[in-house]
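Worksheet: one structure, shown below.
Every chain is numbered from 1, with letters handed out A, B, ... down the list of sequences.
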Amino acid sequence: MAPTLGYLSLWLSLFFSILQFLISLKNKKLKLINISVHGLLISSLISFFLLMFSYIISDFSILNVFQNSHTTKPLIYKIAGVWGNHEGSMLLWILVLTIFNYFIFKLHNEKNSIFILKALETQALITMGFILFTIFTSNPFERIFPPQENGLGFNPILQDPALAIHPPLLYVGYVGFSAAFSIGIATLTSNEKVPWYNYMKPFVVTAWTFLTIGIALGAVWAYYELGWGGWWFWDPVENASFMPWLLGTALLHSLIVVEKKQSLQTWVLLLSILTFLLSVVGTFLVRSGILTSVHTFALDPSRGMYILAFTFLLATYSLILFGTKSKKYFNNNYFAFFSREGSILINNILIVVVCSTVFLGTIYPLLVETFTSNKISVGEPYYNSTAVLIMIPAILIMGVGPILSWNREEKSKTLKKIFPSVLLTSVMTLLAFSIYQTYSLVGVIGIILSFWIISNNLVLLLKKKAGHSGGMILAHLGIGLLILGITGSSVWQEEKIIRMAINSETKIKEYNIIFKEISEIKGPNYIALRGNFLVYDDSKNIVTKLKPENRFYPVKNNFTTEASIHTNLFRDLYIVLGEGNFKDGWVVKIYYNPLVVWIWIGALVIFLGGIVSTAKNLKKLKSSQ
Amino acid sequence: MKKKLLKFPLIFFLSILLVFFYLLMIDRNPSEIPSALLNKNIPKFEAESLFKDKNFISSKEFGNETTLVNFFATWCKPCLDEHVYIKRFSDEKMIKVIGINYKDNPKKAIQWLKKLGNPYSNVALDKNGRIAIDWGVYGVPETFVVNPEGIIKYRHAGPVTKKIYKKINLIIEDNK
């Protein structure tokens, strides 16, 4: 019953999206628009929750549930299982599209009618495309006969709380940019004079905020679950989320310039289009199987062809519109290089360069394969020596940008303005290095950049000068903390891989680690070997007990490692239990990861800043209406 | 000048999509890594055989005819899926197939072959994974085509599917 209804409901959403598209095309019958927007939202909610229901009751007459679930799976992972696979995640994608569709509709009033209807038309087109794709290539409600006794289970590596909420947050990010895209298209096609940037901004801030925390949770998952001691691997799929984030960042900041100065409008329109197109290209790269990465979805060539055709349609439509209609948004308000808008523009350019570098690295193996018969892969060294390097000036400017005035800044005044933060940065840096006394060029640069951002924003916070948004200060502070964590964990990480017998001892930095025992334990749907490690510091005081696990999931016949981590504000101690036996001992990987926790704190602070800023922008938009 | 610039994003984007289109159209497997051993002699090795009465000495096993080498394990689900094709090589195509039992329990392997049928002329036991390392295998199953001169002509990582089965047959035809 549930699967039939769910499938029907999916067709119903297709109907409503077509209805919305056709009616908004003609710009009339507001009542019908009202019906289609609500109908679309409700029908996609129904199909999404019916699939979730089928997962919860373990309805193994549905192929998708059979392939991805099992009765022994804990409830939270049954629910998360809905979007832990390709078909179900498309349903979530559609749901988020229709929610944003609803919010665009909510902005409608007499004054902006044609403009909002134009945006709804594009949004309906995008939604239609994704529903058609889901129905014809990835139907989550497909049945199997006869119904199965039990499911094949869920990839155990995905059983992680961070990963359970990672996709929904990420999709709010990707899909949020679809609203910016639709508003950008509406701006290009409608001739009405509306402050379109005021409409676009809350969507961009929301999308950016959620994309940030979504990416961060992906990194948390990689750090805790993969057991490789790191949290970012420049994997194509990570890049696929990082590129829209970069362009989204540029979009967010140049929107502020448009708001204040009415300049850069053409540029912002282009960014709004490209950001969403890159999100769709990212989806293509992940789901078509054209690249290999740690994120594998069940692959089917017809899917790749469909998304490619759809991307082609969106790209041609939007970029032709941009090529022909964006001229009217050109203006010649040239502005001073040395001003707040000047700093934003320079940073925009740097961010776009970083994004292009990452894009090149991601597709370079494909280009090489197309034009030669060689296969190559592009890894961390490339990104470290290109993208990371270009970010250094961007971060320097980011620190000083918000302090500068709009229009034109007097150079003599600037020096006075930045003096406190220069002083603070120097003091903090000297203090940090006199305590730790470990030097490396990259480390020093990273720490200075981090303290530079932090002190500039602390100064702003103390001054509480009017005109500085609290959300911005928070988000920038978060970036400063993030850089601190990234620098610490990548420059001063120490790694030790040894074979340890029971009761043997090893040393990493100031810690002595004793391998006490190994025991067998039983979890809800796995059995595991659990090592028991005692950690002592220099003065022989016990610091912590670490218990890494080596889990075996019988349903999937799959092993996973659970790293055990002791965190404090200065460092993580990270132990992974490898293979071994009682006779020869076990392979143990021990990492000393300085400052990792600041990455997570930083991301959280950025997220909070984003939320504050979203609320403020929504309020502003409401009061202007 | 400006007008032309505005068309640039379109041209750029479409050319990227064209590359993607080409890659989707051609027959390719993105997880396929060209083996460093391709067109080279097989790595020599000696090992215990799964069948009690035999020993496994690679120099005696290869040569004279085209041979398939199949790395497998009973704990590996895709190995079970591909087994039907491996059997078709030996039963229908009369091709010599050598199995390499990777990090497995020999008793289970014997039971497994009794139940599913044994396509292998001989099976080497790779208890600690050394043979797999020498062959550059990074996971089971993997299948190699070795020509009568003992030179590796093809490597497939992952289970043999219908498509791969046909492809391997073509490669065997070419190397006869």
- Heavy-atom check, side chain of A:Met305 versus side chain of B:Phe21, under 4.5 Å: yes

- Tell me, side chain or backbone of A:Ser318 under 4.5 Å from chain B's heavy atoms, or both, or neither? neither

- Item | Atom pair OG1/CD1 of A:Thr311 and B:Ile16 - distance to nearest 0.5 Å | 12.5 Å

- Residues in side chain to side chain donor-acceptor pair (under 3.5 Å) contact with A:Ser178, at least two apart in sequence or another chain: A:Gln123

- Message: Could you measure the distance from the OG1 atom of A:Thr370 to the CG atom of B:Leu23? Nearest 0.5 Å is fine.
- Response: 3.5 Å

- Message: If you count heavy atoms of other groups shown closer than 6.0 angstrom to CD of A:Glu149, is the number above 12?
- Response: no

- Would you say A:Arg499 has more than 12 foreign heavy atoms packed within less than 6.0 Å of its CZ? yes

- Query: Is the count of non-hydrogen atoms from other residues, nucleotides or ligands lying under 6.0 Å from B:Asn64 atom CG greater than 12?
  - Reply: no

- Can you list the residues that meet the ring pair (Phe, Tyr, Trp, His ring centres under 6.0 Å) rule with B:Tyr85, with sequence neighbours excluded? B:Tyr165

- Task: Give a yes or no on whether B:Glu65 atom CD has more than 12 heavy-atom contacts from other residues, nucleotides or ligands under 6.0 Å away.
- Result: yes

- Task: Mark yes when over 12 heavy atoms from residues, nucleotides or ligands other than B:Lys114 sit less than 6.0 Å from its NZ; otherwise mark no.
- Result: no

- Query: To the nearest 0.5 Å, what is the distance between CG (A:Leu274) and CZ (B:Phe13)?
  - Reply: 6.0 Å

- Query: Any side-chain heavy atom of A:Phe284 within less than 4.5 Å of one from B:Leu24?
  - Reply: yes

- Query: Of the non-hydrogen atoms in A:Leu270 and B:Pro9, which two are nearest, and what is the gap between them?
  - Reply: CD1-CG, 3.7 Å

- Of the backbone (N, CA, C, O) and the side chain (C-beta and beyond), which part of B:Leu17 lies under 4.5 Å from a heavy atom of chain A, both, or neither? both

- Close contacts, residues 355-365 of chain A versus chain B, judged by heavy atoms under 4.5 Å: A:Phe359, A:Ile363

- Task: Name the region of B:Ile11, side chain, backbone, both or neither, that has any atom closer than 4.5 Å to a heavy atom of chain A.
- Result: neither

- Query: Looking at OG1 of A:Thr324 and CG of B:Leu6, how far apart are the two atoms once the value is rounded to the nearest 0.5 Å?
  - Reply: 9.0 Å

- Message: Quick one, A:Leu285 and B:Phe20 - any side-chain contact, counting heavy atoms below 4.5 Å?
- Response: yes

- Note on the structure: With sequence neighbours left out, the residues meeting ring pair (Phe, Tyr, Trp, His ring centres under 6.0 Å) with A:Phe371 are none

